[in-house]
Each structure stands twice: as structure tokens, then as C-alpha cells.
Visitor: 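Handing you a structure now.
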Amino acid sequence: MIDEATFRRVSDKALESLKQSLISAEDDDAGFEFEDNNGVMNIIFENGSSKFVITPNTPIRQVWISAQSTSYKLEWAEATNAFTLTKTGEDLKTLTQRLLREHLNDPSITLP
């Protein structure tokens, strides 16, 4: 497990990159709004039916995504320098993009 200072540094960088991608996709009228509240990221869907929540979990050094009635727990992978969902090998941005595409039934959504 990485130490807390390293976790904070790499999670801040990963989440900031995801944040910029979500803002860009939101500007493309992707069907959702993005909010950042003190490090907790919310993706709110226009139909008001649901939202995704993305947050760092410092005590256990994971980034969590709560989406589609599921909690996805991403671990830091030294080999790829990315938070990764062990089960699928997807990194944070790739997983978020897939979840958005599935939820909105829109395969054109891209997180740059």
C-alpha cells in the first residue's frame, strides 16, 4: 500500500485530470452536469433520476465510484501509474467513460 502523502498526491492528480475531462464532456452537452464539492465529485444526470459520486478514500488508499447501484473501488497500480479497477483492468477515466456511456445509452461520450 502506498503511503498517505503519495496517495494524496496521485489521487489529486488523477481526480483533477478526470475533472477536466468531465467539464469538457459536459460542455459538449453530454446529458449530465458535473459538480466538485470539497473533493467529492458528483455527476448529476439531467433527468434527475440518479447521480454518480467519485471520491478518494484516503484511509484505505482507494478511489471510489458510486454508480448504477454499485461501488467501484479502484486501487493504485504502480505498473501503470493509474487508479485501476482490478476486476477489469480499467483505469479511472476509462471506467468513468464506460459508466457514463452505459447510463446514458450514448456510445459517443468521450472523456479526453
Side-chain angles (χ1 to χ4, degrees):
M1 180 185 296
I2 61 177
D3 64 68
E4 184 174 338
T6 301
F7 173 79
R8 288 184 186 275
R9 187 179 73 253
V10 297
S11 66
D12 286 350
K13 183 177 177 183
L15 291 170
E16 181 61 28
S17 176
L18 178 61
K19 175 181 174 179
Q20 295 307 316
S21 294
L22 287 166
I23 289 169
S24 177
E26 176 186 35
D27 289 344
D28 292 339
D29 194 31
F32 66 86
E33 291 183 24
F34 170 77
E35 294 178 352
D36 185 1
N37 294 321
N38 298 322
V40 176
M41 299 167 51
N42 294 291
I43 301 169
I44 303 163
F45 297 96
E46 289 179 355
N47 62 13
S49 65
S50 60
K51 71 179 181 177
F52 294 176
V53 179
I54 304 169
T55 186
N57 188 321
T58 303
I60 58 174
R61 315 291 195 269
Q62 295 177 333
V63 172
W64 289 6
I65 300 175
S66 176
Q68 301 173 334
S69 302
T70 303
S71 181
Y72 300 89
K73 299 174 182 179
L74 291 85
E75 306 266 349
W76 179 250
E78 287 287 336
T80 59
N81 285 322
F83 283 94
T84 305
L85 184 63
T86 305
K87 182 178 175 181
T88 64
E90 294 168 294
D91 67 25
L92 177 61
K93 198 176 290 186
T94 303
L95 174 60
T96 304
Q97 177 178 279
R98 177 175 63 85
L99 294 172
L100 286 169
R101 287 176 173 181
E102 288 174 0
H103 187 78
L104 293 168
N105 196 26
D106 182 354
S108 70
I109 293 173
T110 301
L111 297 181

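Just so you know, these numbers use all the heavy atoms, side chains as well, and skip hydrogens, waters and symmetry mates. The structure displayed is predicted, hence computed values, not measured ones.
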Visitor: To the nearest 0.5 Å, what is the distance between CD1 on I109 and CZ on R101?
Guide: 7.5 Å
Visitor: Taking all heavy atoms of L104 and all of F32, pick out the closest pair and write down the distance.
Guide: CD1-CD2, 4.1 Å
Visitor: Looking at CG of L85 and NZ of K73, how far apart are the two atoms once the value is rounded to the nearest 0.5 Å?
Guide: 11.5 Å
Visitor: Would you please name every residue forming a side-chain contact (heavy atoms from CB on, under 4.5 Å) with E4, sequence neighbours left out?
Guide: R8, T58, R61
Visitor: Considering residues at least two apart in sequence or located in another chain, which fulfil the side-chain contact (heavy atoms from CB on, under 4.5 Å) criterion with S17?
Guide: K93
Visitor: Quick one: are V63 and E75 in side-chain contact, heavy atoms under 4.5 Å?
Guide: no
Visitor: How long is the gap from OG on S24 to NZ on K19, to the nearest 0.5 Å?
Guide: 14.0 Å
Visitor: Answer yes or no: is there a side-chain heavy-atom contact under 4.5 Å between S108 and T110?
Guide: no
Visitor: If you apply the rule side-chain contact (heavy atoms from CB on, under 4.5 Å), what do you find for L18 with T96, and how did you get there?
Guide: CA-CA 9 Å; L18 178 61; T96 304; 3.9 Å; yes
Visitor: For residues F83 and L95, determine if any side-chain heavy atom of one lies less than 4.5 Å from a side-chain heavy atom of the other.
Guide: no
Visitor: Under the 3.5 angstrom rule, does the side chain of E26 hit a backbone N or O of F34 as a donor-acceptor pair?
Guide: yes
Visitor: Does L111 offer a backbone N or O that forms a donor-acceptor pair with the side chain of Q97 under 3.5 Å?
Guide: yes
Visitor: Under the rule for side-chain contact (heavy atoms from CB on, under 4.5 Å), what residues qualify as partners of P107, not counting sequence neighbours?
Guide: none
Visitor: Under the side-chain contact (heavy atoms from CB on, under 4.5 Å) criterion, do Y72 and L99 qualify, and how do the steps go?
Guide: CA-CA 11 Å; Y72 300 89; L99 294 172; 3.5 Å; yes
Visitor: Without hydrogens or angle criteria, can the side chains of T70 and Q68 be said to hold a donor-acceptor pair below 3.5 Å?
Guide: no
Visitor: Strictly distance-based, threshold 3.5 Å: is any side-chain N or O of S11 a donor or acceptor partner for the main-chain N or O of F7?
Guide: yes
Visitor: Mind checking the CD1-CD1 spacing from I54 to I65? Nearest 0.5 Å is all I need.
Guide: 5.0 Å
Visitor: Apply ring-ring contact (aromatic ring centres under 6.0 Å, His included) to F52 and list each qualifying residue two or more places apart in sequence or on a separate chain.
Guide: F45, H103
Visitor: Taking all non-hydrogen atoms of both residues into account, name the closest pair between W76 and I2 and its distance.
Guide: CD1-CG2, 3.7 Å
Visitor: Keeping S69 on the side-chain end and A67 on the backbone end, is there a donor-acceptor pair under 3.5 Å?
Guide: no
Visitor: Quick check on side chain to side chain donor-acceptor pair (under 3.5 Å): which of T86, T88, T94 does E90 satisfy it with?
Guide: T88
Visitor: Do other residues, nucleotides or ligands put more than 12 heavy atoms under 6.0 Å from the CG atom of N37?
Guide: yes
Visitor: Start with the C-alpha distance between L74 and T84, add both sets of side-chain angles, then the distance that settles side-chain contact (heavy atoms from CB on, under 4.5 Å), and finish with yes or no.
Guide: CA-CA 5 Å; L74 291 85; T84 305; 5.7 Å; no
Visitor: State yes or no: do L15 and I44 share one hydrophobic cluster built from I, L, V, M, F, W and Y residues joined by side-chain heavy-atom distances below 4.5 Å, directly or via other members?
Guide: no
Visitor: Using side chain to side chain donor-acceptor pair (under 3.5 Å) as the criterion, list what pairs up with E33, not counting sequence neighbours.
Guide: none
Visitor: So, using side-chain contact (heavy atoms from CB on, under 4.5 Å) as the criterion, who are the partners of V53 when residues are at least two apart?
Guide: V40, N42, K51, S66
Visitor: Please assess D91 against T80 for the test side-chain contact (heavy atoms from CB on, under 4.5 Å), listing each intermediate value before the final yes or no.
Guide: CA-CA 9 Å; D91 67 25; T80 59; over 6 Å; no
